[in-house]
Amino acid sequence: MARKKPNPKAEFVFFNVVYEDGSQTSNRKVPSDVLGGFDGDEPARAAIEAQDREIAERSGRPRAPIKSIERA
């Protein structure tokens, strides 16, 4: 069996999210090309909020506002 070569640039970065109502989600995927630059991980919040809006539309249940995010 051949070993896989390590990927120098990951396609996604994973985040743990804590919401203001105390709930949390783990390993939320954010495309790595959204992150970086002077803003660091702050663009991940906007990407996760967009994901939450889409999930809320499909499920009919809105999510609480995000309290904090951190890389997993």
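Computed from a predicted model, the values in this text were never measured in an experiment. Below, each value reflects all heavy atoms present in this structure, side chains not excepted, and no hydrogens, waters or symmetry copies.
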Hey, does [Y] have a side-chain heavy atom less than 4.5 Å from the side chain of [X]?
| X | Y | result |
| --- | --- | --- |
| Val34 | Phe12 | no |
| Phe14 | Lys29 | yes |
| Val13 | Arg71 | yes |

Check for a donor-acceptor pair, side chain of Ser26 on one end and backbone N or O of Asn16 on the other, with a separation under 3.5 Å.
no

Minimum heavy-atom separation for [X] to [Y], with atom names?
| X | Y | answer |
| --- | --- | --- |
| Pro62 | Ala56 | CA-CB, 3.8 Å |
| Ser68 | Arg45 | CA-NH2, 4.2 Å |
| Ile69 | Asp41 | CD1-O, 4.0 Å |

Could you tell me the separation between the CD1 atom of Ile48 and the CZ atom of Arg63, rounded to the nearest 0.5 Å?
10.5 Å

Please round to the nearest 0.5 Å and tell me the distance separating atom CD of Glu54 and atom CD of Glu49.
14.5 Å

Using the rule that Ile, Leu, Val, Met, Phe, Trp and Tyr join whenever any side-chain heavy atoms are under 4.5 Å apart, tell me whether Tyr19 and Val30 fall into a single cluster.
yes

How far apart are the C-alpha atoms of Asp52 and Arg28, what are their side-chain angles, what is the distance that settles it, and do they pass the salt bridge (Lys or Arg N to Asp or Glu O under 4.0 Å) test?
CA-CA 10 Å; Asp52 283 348; Arg28 295 290 298 270; 3.0 Å; yes

